[in-house]
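To start, the structure itself, in structure tokens.
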2 protein chains.
Amino acid sequence: MVRMADVAREAGVSVMTVSNVLSERLPVADQTRARVMAAVEALGYEVNLTARHLRAGRTDTVAFVVPSFHDYFGELADKIAPLIEAGGRHLVLERTSASPEHEMAALSVARLQFYDGVLLSVAGLDSDDLERVSSSKPIVLLGERDVPDRFNHVRLANEEGARLATAHMIEHGSRRILALGCTLDTTHMMPSDRRIGWERALRDAGIDVDPRYVVPVANFTSADGRDAMLDVIASGLPFDGVFAATDIVALGAVAALAERGLRVPVDVQLAGFDNLDVARFVPPGLTSVDANHQGVAETAVGLLQRQMEGRPAPAEHVVAPVRLVVRGSTRGGA
Amino acid sequence: MVRMADVAREAGVSVMTVSNVLSERLPVADQTRARVMAAVEALGYEVNLTARHLRAGRTDTVAFVVPSFHDYFGELADKIAPLIEAGGRHLVLERTSASPEHEMAALSVARLQFYDGVLLSVAGLDSDDLERVSSSKPIVLLGERDVPDRFNHVRLANEEGARLATAHMIEHGSRRILALGCTLDTTHMMPSDRRIGWERALRDAGIDVDPRYVVPVANFTSADGRDAMLDVIASGLPFDGVFAATDIVALGAVAALAERGLRVPVDVQLAGFDNLDVARFVPPGLTSVDANHQGVAETAVGLLQRQMEGRPAPAEHVVAPVRLVVRGSTRGGA
DNA sequence: CTGTTAGCGCTTTCAG
DNA sequence: CTGAAAGCGCTAACAG
């Protein structure tokens, strides 16, 4: 391993001068800099980031901690990465829930030390988990649940999104609309908030709210969505619309409806939430609530950078607006 | 910040005894250990991993470096994470290609120092990039291109997979099959290897190979797949089957075919590659070549762990087997 | 503009 | 089994 001292000797300068050339912290004479750079090239030197971190307390790295790497989180991470890099830092992804016993390892104070700041997706974490998270480190929470006041937090307008989607289907003739993947509780988490929006749209239209139309799913996978949809069909409960809590669940519903010969949107209208890529391409196009990934990413990174720059400010709780994207799965679409 | 010295003072022992308790490197008397643990609890101490790394040269962390976080790589990462954690280490994801000038930043020797080992997806990297990658660090390459011999490498049976999918469609009556997302070159990268398999299936069936049926796409997105498919339809080139180089491209083709009123599989059979979740659920079910994520993950992690354990062995070049999963988009399916 | 000194928090080595 | 000393590679602070 070649160290800074080796470069210094090769260039005939002190170690500090090498450090100043590489980190651009203090000005160095052009001629000296050239000698140093030549030595760096000649020896193939690269700075030891661990030593820099220990001494300078800075990693130039931000973590995005997610419950799983795929689908929604992967797409969001791809939006976040360029914004972090524009600030001269590097983004890495960690995941919380690989196995039950390691569930919180990514959030330990020890691991968070690796990063200048942390974006933390709170899906799957409970209040106790959050209380245990270090509060000295710049951190921004993302996700659909109530969090302690002390954290900056960006969430979606879940209720409004669900209301928009449901009202749209009512407007185009549906009267018996399932809330697939929603729950009846009032925990202010994603499945309950979206159920509340669905409910409000029904009430606004003067339609009775029947709790049998709220159908939970286990894990928000397409497989679970399909299973739940097949169960409903088999039960004989009449329905002419489906609001699915996520596009991934909606995709499962699409499969189940097709298997049972129910036509979308003629027999059943269908709308999802998140506006993932798949919503655009699965025939006949899935009407979906756009979660505005880009805007959420920009807001969250902005809040994080404000903290990392050391500008003190009270924690903000941002509710990002959503909008309905109408496609062929509802009768207002193409 | 509470340091090991603080714990030592609180427990009335030396710093070294605390270190030995926490790292379990040397045995410590039960009574002493208990005093140390009590002090750790009382002060809320957590070890500084950066200092440990600088001194001990070990991070207990593995990086999976990918070109983008979504779709294929996200799904694969979710398979890899538990395997790494079973070995007592932690997995993080980094991405290479946020912007052209940062392309190699994640791969710089400097960044690789952060990790005990690296799984590196080679999509988007060329030979020069790979030559520049440190060879002293445990590293396993993943992906569909030729790599220098000195690296351990896991790739898929691309040619065989494409041949299987194409032969299956021929067997069920297609004669004019597009290779969507493939290329005519012979660079031994994913689009060319899959084209070669497509070609072999055609030749085996005595069908002439017409280069007009090889239709490249720009970025392997669904949007590009749809655009390319629409262009082919508009051109009037007759076809009765589509082999798409990836499921994501196939999803774009599904959209385009539906928009133009072409029925799958009656008018056109369609098969993809990767067997992503979406293939199972998009009606009528997408026949796809299963890339065996689980097996690829296990093989790659096994090779990496062999290196990290210091067991010397010549670099291996593994070609992971694939199999065809038949669904409703081809006439052999349900 | 350049060099010297000190020390980030931990673990390796060696002595008791 | 426990402790004291040394130093991993780098940069903050200060002196010249």
Side-chain angles (χ1 to χ4, degrees), chain A residues 1-37 39-40 43-61 108-116 134 136 310, chain B residues 1-37 39-40 43-61 108-116 134 136-137:
Chain A
M1 156 158 297
V2 34
R3 290 150 310 151
M4 207 174 257
D6 301 321
V7 176
R9 191 173 339 99
E10 174 85 9
V13 297
S14 78
V15 177
M16 251 344 278
T17 301
V18 178
S19 175
N20 283 327
V21 168
L22 295 179
S23 65
E24 300 182 338
R25 226 182 73 85
L26 295 178
V28 176
D30 284 351
Q31 198 179 335
T32 314
R33 159 193 269 83
R35 279 222 311 289
V36 169
M37 289 313 292
V40 166
L43 301 177
Y45 171 75
E46 298 222 31
V47 68
N48 181 323
L49 295 174
T50 300
R52 172 181 287 177
H53 179 201
L54 181 61
R55 184 65 243 236
R58 164 178 58 86
T59 59
D60 297 324
T61 303
S108 72
V109 174
R111 282 210 67 82
L112 294 188
Q113 288 169 338
F114 277 145
Y115 305 109
D116 289 348
S134 158
S136 60
Chain B
M1 156 159 295
V2 35
R3 289 150 309 150
M4 206 175 257
D6 302 321
V7 176
R9 192 174 337 100
E10 174 87 7
V13 298
S14 77
V15 175
M16 253 343 281
T17 300
V18 178
S19 176
N20 282 328
V21 168
L22 294 179
S23 66
E24 299 180 338
R25 227 181 74 84
L26 294 179
V28 176
D30 282 352
Q31 196 180 336
T32 315
R33 160 192 269 87
R35 281 222 310 289
V36 169
M37 289 312 291
V40 165
L43 301 178
Y45 172 75
E46 297 219 31
V47 68
N48 181 323
L49 295 174
T50 300
R52 171 179 288 175
H53 181 201
L54 181 60
R55 188 65 242 242
R58 165 178 57 85
T59 60
D60 296 325
T61 302
S108 72
V109 174
R111 281 208 68 83
L112 295 189
Q113 289 168 337
F114 273 146
Y115 304 109
D116 288 348
S134 158
S136 60
K137 163 104 15 194

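Chain letters run A, B, ... following the sequence lines, proteins first, then strands; residues in each count from 1.
A search for salt bridge (charged side-chain N to carboxylate O under 4.0 Å, His left out) contacts involving A:Arg35 returns nothing, not counting sequence neighbours. Applying the side chain to side chain donor-acceptor pair (under 3.5 Å) criterion to B:Asn48, with sequence neighbours excluded, gives no partner residue. Every residue two or more places apart in sequence or in another chain that forms a side chain to side chain donor-acceptor pair (under 3.5 Å) with B:Thr61 is listed here: A:Arg111. For B:Asp60, the side chain to side chain donor-acceptor pair (under 3.5 Å) criterion is met by B:Arg58, not counting sequence neighbours. Every side chain to side chain contact (heavy atoms under 4.5 Å, CB included) that A:Arg25 has, sequence neighbours left out, goes to A:Asn20, A:Ser23.
For A:Thr17, a side-chain nitrogen or oxygen approaches OP1 or OP2 of C:dG3 to under 4.0 Å. Put simply, A:Thr32 has a side-chain N or O that comes within less than 4.0 Å of OP1 or OP2 on C:dT2.
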| task | Going 5' to 3' through nucleotides 8-16 of chain D, assign each nucleotide B (protein heavy atom under 4.0 Å from a base atom), S (under 4.0 Å only from sugar-phosphate atoms) or - (no protein heavy atom that close). | result | BBBBBB---

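A straight line from CZ of B:Arg9 to C1' of C:dC10 spans 16 Å, rounded to a whole angstrom.
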